[in-house]
Protein chains: 2
Amino acid sequence: MAQLAGVSQATVSLVLSARSDGKAATISEETRQRVLDAARSLGYAHDPAARRLAAARNNLLGVFSFTATFPTDVQHSYYPFLVGVEQEAAARGYDLVLFTGSSSGGAGAAGPDALSRVRLADGCLFLGRHAPGAELKRLVADGFPVVHLGRREELEGLAWVGADYVSASRAVVEHLAALGHRRIVLVREADDAPASADRQRGFLEGLAAVGGEAGPEAVLRCADPASAVTAERVRALVADGVTAFVAEETDTGAAWRALDAAVREAGLSCPGDVSLGLLGSPPPDLAAAPVPTGFDVPRHQLGAAAVRLLAALVAGEEAQEPLVACEFRTGATAGPPGRRP
Amino acid sequence: MAQLAGVSQATVSLVLSARSDGKAATISEETRQRVLDAARSLGYAHDPAARRLAAARNNLLGVFSFTATFPTDVQHSYYPFLVGVEQEAAARGYDLVLFTGSSSGGAGAAGPDALSRVRLADGCLFLGRHAPGAELKRLVADGFPVVHLGRREELEGLAWVGADYVSASRAVVEHLAALGHRRIVLVREADDAPASADRQRGFLEGLAAVGGEAGPEAVLRCADPASAVTAERVRALVADGVTAFVAEETDTGAAWRALDAAVREAGLSCPGDVSLGLLGSPPPDLAAAPVPTGFDVPRHQLGAAAVRLLAALVAGEEAQEPLVACEFRTGATAGPPGRRP
DNA sequence: TTGTAGGCGTTATCAG
DNA sequence: CTGATAACGCCTACAA
C-alpha cells in the first residue's frame, strides 16, 4: 500500500480516483503530491478486482458472444460489429473485455453461471441470438447494465439495439415502385427470425403505401428456396404480371441465391426483364456479381450504438432510440418494369 | 448470499469450489445437496471480482494487444493467433478476457496503469511488439503470470513463445541448395526487428552449412527495397553468378514485392532463370500469384502454445520450450539453377 | 463435518 | 481537510 510510503492511508483513494475528476479541491496540494510521488515510485496501481468489489466503477465494458469470437470459419462472425464496438468504446474512454462464450468448451459455457463472469465489468453487451433468456433476466434483475445487440423484445426490461429492417425494406419497395413496379414478390425463408418478420412487414407496408398488391400471394415463404423458386415458377409469375422480386438476406443467402439462379435459368435479363431487390447485403461469394439493389446493415454503427446505450445505462441514464437506420444501396438490378412477354 | 437459503455460511464456498475437485469427502452429501439446490434456485454464482480478490483463481486468461484488436484495416491483425488462443483456452476450460489496448484512446492506454487491469485475470498473454517493458517487468516482478507472444529475450524472466524463424529460414536455404544453388542473396529491410535478425541468422547458417558463400555481400539490407532492388541490380547479380534470391516477410511485404517486381521487369522467368524464396507467407494481395517457396508461420499453433505456457505458469509449473516450428512450403518459385546468361 | 474469524485492496461514511 | 472504520463477496485457516 502507498500509505506506508506517504503518511495517510485511504486518502490515497481520494487523490487517485479524483485524478481528472471535477472535485479536486477536497485535498491539500501537498499531501496530494506526496501521495502521487509515492504511488509513482512504487509503481502503484489500482487493483481492478478490489476496485470493482468496493462498488466502484471499472471503466470496463464487457462483450459476450455466444459463438466463438474468433471462428475458424470467418463467415458469420461478429467482426464488423466488434469493429464499431471497439471504436466507440475507445472514443468514450472505456476498455473492453471480451468473454468468449465457446470457451470452457461445453463445460462452463453451458453451466448456469456462464454469464456470471461478466460481472467483472461495469456492464455487458451480448451478441448473437442464442443468449439464454433466464440468465439475462437475472442480470438485469440484479441491476446489472445489459445491452443486447439485435432486437429482443420478449425479455421485459432488456435493453437492445437493432437495425431498422422495416424502414429499410420498405424503402426498397418504394424505390421499385418509383421505377414503376406494382406487382412485387418477396422470397423469404420459412424460419421465423425477428429479422425476417421485420423485413416482411416493411415489404408489405411499402407495398400498401404505393398501392401495390399486398395480398398473401405477394410473399413466397419457402422452406427450401432452392427447390421452391424455380425457373418455371419465376416465368409463370412474370407471365402473370409480376415485374420485380425481392429476397431477404439470411446467413446462407439461400433466398437470394435461389432467386438469382432461377431468373438466370429462366433466360430473363435482370434489370431488363425483371427487377431484383435484396433486403440486405449479398453473400461474399456473390459480391462480384452485379451489385443488388437493396440496403446495407450498418454493422459498425450498430456496434457503436450498442456501446453508447450501454454507457448510458452504466451511467444511470435512460435508454435512447434502439433502432439504427440501414443504408439504401442503389445497385444495378433494378430498373423500369420490362414489357410483359 | 446462499446461506440464508441453506443453513451454513461459508460452507457454501467449500461445496461450490470443490465442484469437481478431488477432495470431495470433506462435506456431507446432505448439506452439499442443500447448498447446491439453494444456489440453483437463487441463480447464485461466484462474484469473479471477489473471488479473485480473495487470492483465488478466476479461470480467466487475459489477452492484451497493443494495437486495436479489431482493426478496420484487417491487414495486420492478430486474428489468426487469436483463433488458436481461443481454441486452446476452450480446450483447457479457461475463459478469455480480451483487453483492448487501443481503447481509452490515448488516454488510459498511455497511462502508467494501462496494464494494471489485466490483474483481473489469472494471467495474461501479450500480443504485439509494443509491449512496454517497464510495465511488463512490474507485472512479472509481482509474480503475475505473463506470456509474451513473440520473442522477447531482453526482459529477464519474461516468458514468451515465438516462431522458430532461424530453423525455418535455414530450411529454405537448404532446400535451394539441394536443388543446386550456391550463390543465394537475401533481400531484407533495414529495420532491426528480432524476427528479421532471426531470419538473417538462419539464412547465413544455412548458407554456411551447405558450403555456399555466406559473406556480407550475400545479404541486401535496404531501407527501401522498392528503390534498392531494381531490375538492373538483379540482372547484374545474376550475371555475377547469383542463381537464387530469398526475401524476408514483413508487415508490408516490401522486400518480396520489390524482388518479385524486379525479377519480372528484368525479363527473368522465375523457376527457370532464377529461383525465389520467401521467408514467410506472401501478402494476401499476392496470394494469387504462383505460391512462393518458403514457410508458413503456424499462427494457430503459436497462439495455442502461448495459452499452454500461460496455463502452466498460472498452475505454478515451469516453462517449456518456447519455439514453435514453422511449416515448410514447397511452392512453385524454386527449381534447379538456370544457365548463367 | 461445520461454523467463526480474519484478511484480500478499495471505496464510502463519518468523526476528528 | 484528513484519518479511522465498516462494508464489498469470497476464501482459508482454525476452532468447535
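Throughout, a chain's letter reflects where its sequence line sits, starting with A, and its residues are numbered from 1.
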Open item on the list: Check this for me, if you would: do A:D95 and B:R117 make a salt bridge, where the nitrogen-to-carboxylate-oxygen distance has to be below 4.0 angstrom?
Closed with: yes
Task: N/O (side chain, B:T11) to phosphate O (OP1/OP2, C:dG3) under 4.0 Å - done: yes
- [ ] Please state whether the rings of B:Y79 and A:Y79 are parallel, tilted or perpendicular, taking 30° and 60° as the class boundaries.
- [x] tilted
Open item on the list: Assuming nearest nucleotide by heavy-atom distance, tell me which of B:E30 and B:L53 is located more 5' along DNA chain C.
Closed with: B:E30
Open item on the list: Just the rounded figure in Å: distance from C1' of C:dT1 to CZ of B:R34.
Closed with: 12 Å
Task: B:R138 with B:D142: basic N within carboxylate O range, under 4.0 Å - done: yes
- [ ] Using whole Å, report how far CZ of A:R52 lies from C1' of C:dG9.
- [x] 15 Å
Task: SB check B:E153 B:R151 (cutoff 4.0 Å) - done: yes
Open item on the list: Rounded to whole Å, how long is the line connecting atom CG of B:L120 with atom P of C:dC8?
Closed with: 19 Å
- [ ] Identify whether the distance between the nearest side-chain nitrogen and carboxylate oxygen of B:D122 and B:R52 falls below 4.0 Å.
- [x] yes
Kindly give the atom pairs (protein nitrogen or oxygen, nucleotide nitrogen or oxygen) under 3.5 Å for nucleotides 11-13 of chain D.
{"residue": "D:dC11", "atom": "OP1", "partner": "B:R51", "partner atom": "NH1", "Å": "2.2"}
{"residue": "D:dC11", "atom": "OP2", "partner": "B:S13", "partner atom": "OG", "Å": "2.7"}
{"residue": "D:dC11", "atom": "O5'", "partner": "B:S13", "partner atom": "OG", "Å": "3.4"}

Task: Which nucleotide in C:dT10, C:dT2, D:dC10 has an atom nearest any side-chain atom of B:D47 - done: D:dC10
Open item on the list: Under a 4.0 Å threshold between the charged nitrogen and the carboxylate oxygen, would A:R152 count as salt-bridged to A:E154?
Closed with: yes
Task: Spacing of B:D122 atom CG relative to C:dC8 atom P, expressed in whole Å - done: 19 Å
